[in-house]
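Everything below concerns the one structure shown next.
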Number of protein chains: 2
Amino acid sequence: MPLDRRSVSESTASRLSLYLRSLAVLEAEGVAHVSSQALARRFDLNSSQIRKDLATFGEFGLRGVGYGVAALRRHLVTILGLDETRRVAIVGAGRLGMALADYPGFGSGGFAITAVFDDDPARISTRTRSGVVVTDVSHLPALVAELGIEIAVLAVPARAASDAGRLCWESGIQAILNFTAARLPAPPNVHVKNVDLRVRLETLSFYIGGAFPLPGKEEPWPRGRSRSLHRRT
Amino acid sequence: MPLDRRSVSESTASRLSLYLRSLAVLEAEGVAHVSSQALARRFDLNSSQIRKDLATFGEFGLRGVGYGVAALRRHLVTILGLDETRRVAIVGAGRLGMALADYPGFGSGGFAITAVFDDDPARISTRTRSGVVVTDVSHLPALVAELGIEIAVLAVPARAASDAGRLCWESGIQAILNFTAARLPAPPNVHVKNVDLRVRLETLSFYIGGAFPLPGKEEPWPRGRSRSLHRRT
DNA sequence: CCGTGTGAAGCTGTTCACAGCT
DNA sequence: AGCTGTGAACAGCTTCACACGG
């Protein structure tokens with residue numbers, strides 16, 4: 001019975017990534033088994049959350065014992081598709097794009113920055129610190145096909161975003177990490193994740209403010225429950 | 001009646017930021033009024049979502065007409081706390097930190113990058129492109145107090161994250177945008193938003209894969225790269 | 001009429017609680 | 001005994017549908 005990945009929620013998928021990181025640490029420490037409760041403590045999560053997340057993909061645990069650290073880590077690597085190197089292109093060789101091209105998390109552990117593109121002649125042929133040559137974006141379709149690039153990191157100015165995005169999916173790129181402010185009209189088979197830094201900062205700004213005076217409205221107090229940070233394991 | 005901001009969900013808060021961006025465009029275009037439905041079309045959202053979000057903070061609409069663009073924009077600016085400039089510090093002057101220090105969205109429209117800190121002597125006294133001097137992190141507490149810095153952008157190596165984070169909140173910083181892989185044990189009055197780029201990329205990788213064969217026991221399943229086009233119902 | 005504001009319904013993700021395996 | 005795996009209960013966010021005001 002196959003499982004459509006689209007039926008897995010994004011929150012579950014990103015927790016898998018967190019679990020993987022913890023398991024790598026535990027494996028390096030030589031820990032053999034870990035219980036959902038022990039893992040939960042590391043993330044301030046509920047332990048049944050972890051068991052449910054993992055149970056989506058199979059029965060990896062041993063009742064009375066917990067999960068085998070090494071085996072579970074291997075399973076998560078496979079589930080996340082990191083057992084073969086995924087090729088990543090950076091589109092936009094400005095400051096952010098170049099910083100991301102050298103970001104350690106992007107060029108290791110299942111990912112390789114395989115190309116960097118820009119349309120500014122002044123940037124073409126420069127190199128990232130790790131030596132990847134900035135290529136004219138007109139070569140993107142050919143290089144995506146030739147090198148088997150599956151993921152694009154979009155770090156172009158907002159006005160160029162939808163053109164650059166379209167070029168990506170028309171070239172066969174399957175997923176886009178979008179650092180621009182634009183929302184991309186991508187076809188449904190292309191997965192887009194927006195990392196809108198401005199929105200993140202404004203959201204933080206919102207929560208800094210004090211109690212908000214509602215003009216002319218009578219509302220019961222307190223409104224809603226305060227979010228408890230305490231979770232049971 | 002006052003409204004505790006913590007009772008507002010993060011999804012609502014970040015949508016406010018999106019609405020604000022759209023309203024700025026509409027205002028520049030000279031549009032006087034906009035309906036929740038017209039706004040919704042821009043975001044692929046349900047219109048009652050927008051009405052509910054806005055109604056949390058007051059009655060800004062005119063029945064039969066919609067929302068006044070200029071007035072609603074001003075309200076959102078106030079709600080998000082962007083009517084006075086918020087001072088932001090970058091902690092960590094590596095490539096990512098320096099790129100973020102010059103990121104246009106961080107230094108405008110209600111935010112100002114007021115300081116950049118690092119502990120590497122080789123980086124102290126260098127400047128961002130916009131001219132902010134990199135300062136030794138030992139001066140962070142004094143400068144946070146002196147300059148009224150409220151938000152920190154944490155872009156240090158993972159191993160330095162919790163020390164740097166603690167320094168931030170002990171110095172009076174109220175919100176942290178955390179680009180490190182570490183999870184910060186911040187006190188409850190400090191708002192932390194994790195922007196874990198590695199997790200984002202691994203999550204994308206997860207969704208690229210084809211249908212997932214739920215394993216019988218220990219058969220190695222091949223990584224499918226074919227894509228199902230049908231949406232879940 | 002039209003579009004907002006809002007209770008009610010619906011849905012999705014989280015937590016509980018326990019049966020069952022080791 | 002200890003811990004997983006899972007149906008059931010729960011909570012919170014989203015959508016519906018309509019009363020009400022312009």
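Within every chain, numbering begins at 1; the chains are lettered A, B, ... in the order of the sequence lines, protein sequences first and strands thereafter.
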Provide, to the nearest angstrom, the distance between the CG atom belonging to A:Asp44 and the C1' atom belonging to C:dT15.
-> 14 Å
Among D:dG5, C:dT15, C:dT6, find the nucleotide with the atom closest to the side chain of A:Asn46.
-> C:dT15
Atom CD of A:Glu59 and atom P of D:dG5 are separated, to the nearest Å, by 6 Å
CD/B:Glu84: more than 12 non-hydrogen atoms of other groups inside 6.0 Å = no
Tell me, which pairs form a salt bridge (Lys or Arg N to Asp or Glu O under 4.0 Å) where one or both residues lie in residues 155-179 of chain B, sequence neighbours left out?
-> B:Asp163-B:Arg166
Listed pairs under 3.5 Å, donor-acceptor, residues 44-53 of chain B side chains, sequence neighbours left out:
{"unit_1": "B:Asn46", "atom_1": "OD1", "unit_2": "B:Ser48", "atom_2": "N", "d": "2.8"}
{"unit_1": "B:Asn46", "atom_1": "OD1", "unit_2": "B:Ser48", "atom_2": "OG", "d": "2.5"}
{"unit_1": "B:Ser47", "atom_1": "OG", "unit_2": "B:Arg51", "atom_2": "NH1", "d": "3.2"}
{"unit_1": "B:Arg51", "atom_1": "NH1", "unit_2": "B:Ser36", "atom_2": "OG", "d": "3.1"}
{"unit_1": "B:Asp53", "atom_1": "OD1", "unit_2": "B:Thr12", "atom_2": "OG1", "d": "3.2"}
{"unit_1": "B:Asp53", "atom_1": "OD1", "unit_2": "B:Arg15", "atom_2": "NH2", "d": "3.0"}
{"unit_1": "B:Asp53", "atom_1": "OD2", "unit_2": "B:Arg15", "atom_2": "NE", "d": "2.6"}
{"unit_1": "B:Asp53", "atom_1": "OD2", "unit_2": "B:Arg15", "atom_2": "NH2", "d": "3.4"}
{"unit_1": "B:Asp53", "atom_1": "OD2", "unit_2": "B:Tyr19", "atom_2": "OH", "d": "2.6"}

Take the protein atom NZ of A:Lys52 and the nucleotide atom P of C:dT12, then report the distance between them rounded to whole Å.
-> 15 Å
Please test A:Leu82 against A:Leu20 for side chain to side chain contact (heavy atoms under 4.5 Å, CB included), starting from the C-alpha separation and ending with a verdict.
-> CA-CA 11 Å; A:Leu82 304 172; A:Leu20 175 57; 3.8 Å; yes
Closest nucleotide among C:dT6, D:dT15, D:dG5 to the A:Ala55 side chain | D:dG5
Do A:Ser35 side-chain atoms and A:Gly66 backbone N/O form a donor-acceptor pair below 3.5 Å?
-> no
Mind listing the N/O atom pairs, protein and nucleotides 18-21 of chain C, below 3.5 Å?
{"unit_1": "C:dG20", "atom_1": "N3", "unit_2": "A:Arg63", "atom_2": "NH1", "d": "3.4"}

Could you state the atom-to-atom distance from CG of B:Asp53 to P of C:dG5 in whole Å?
-> 12 Å
In whole angstroms, the gap separating C1' of C:dC16 from CD1 of A:Ile50 amounts to 16 Å
For DNA chain D, find the residues of residues 28-43 of chain B with a heavy-atom distance under 4.0 Å and give them by number; none if there aren't any.
-> none
Hey, is the side chain of B:Tyr67 poking within less than 4.0 Å of OP1 or OP2 on C:dG5, counting only N and O atoms?
-> yes
Got a sec, which pairs hit salt bridge (Lys or Arg N to Asp or Glu O under 4.0 Å) with one end in residues 62-74 of chain A, sequence neighbours left out?
-> A:Glu27-A:Arg73
Considering heavy-atom distances to DNA chain C, does A:Val65 or A:Gln49 have its closest nucleotide positioned more toward the 5' end?
-> A:Gln49
B:Asn189 side, atom CG; B:Arg6 side, atom CZ - distance, nearest 0.5 Å | 8.5 Å
Scan A:Ser48 against the nucleic acid and name what it touches under 4.0 Å (heavy atoms): base, sugar-phosphate only, or nothing.
-> base
Nearest-angstrom distance from the residue atom CG of B:Leu54 to C1' of C:dG5 = 11 Å
Distance, rounded to the nearest Å, where B:Glu10 contributes CD and D:dT14 contributes C1' | 17 Å
Return the value, rounded to whole Å, for the distance between atom CG of B:Leu45 and atom P of D:dT14.
-> 9 Å
I'd like a table of donor-acceptor pairs (distance under 3.5 Å, sequence neighbours excluded) in which one partner is a side-chain atom from residues 194-203 of chain A, with atom names and distances.
{"unit_1": "A:Asn194", "atom_1": "OD1", "unit_2": "A:Asn178", "atom_2": "ND2", "d": "2.8"}
{"unit_1": "A:Asp196", "atom_1": "OD1", "unit_2": "A:Arg198", "atom_2": "N", "d": "3.3"}
{"unit_1": "A:Asp196", "atom_1": "OD1", "unit_2": "A:Val199", "atom_2": "N", "d": "3.2"}
{"unit_1": "A:Asp196", "atom_1": "OD1", "unit_2": "B:Arg21", "atom_2": "NH2", "d": "2.9"}
{"unit_1": "A:Asp196", "atom_1": "OD2", "unit_2": "B:Arg21", "atom_2": "NH1", "d": "2.6"}
{"unit_1": "A:Asp196", "atom_1": "OD2", "unit_2": "B:Arg21", "atom_2": "NH2", "d": "3.1"}
{"unit_1": "A:Arg198", "atom_1": "NE", "unit_2": "A:Glu202", "atom_2": "OE2", "d": "2.7"}
{"unit_1": "A:Arg198", "atom_1": "NH1", "unit_2": "B:Gly105", "atom_2": "O", "d": "2.9"}
{"unit_1": "A:Arg198", "atom_1": "NH1", "unit_2": "B:Ser108", "atom_2": "O", "d": "2.7"}
{"unit_1": "A:Arg198", "atom_1": "NH2", "unit_2": "A:Glu202", "atom_2": "OE2", "d": "2.8"}
{"unit_1": "A:Arg198", "atom_1": "NH2", "unit_2": "B:Gly109", "atom_2": "O", "d": "2.5"}
{"unit_1": "A:Glu202", "atom_1": "OE1", "unit_2": "B:Ser17", "atom_2": "OG", "d": "2.5"}
{"unit_1": "A:Thr203", "atom_1": "OG1", "unit_2": "A:Val199", "atom_2": "O", "d": "2.6"}

Charged tip of B:Arg5 within 45° of A:Phe206 ring normal and under 6.0 Å | yes
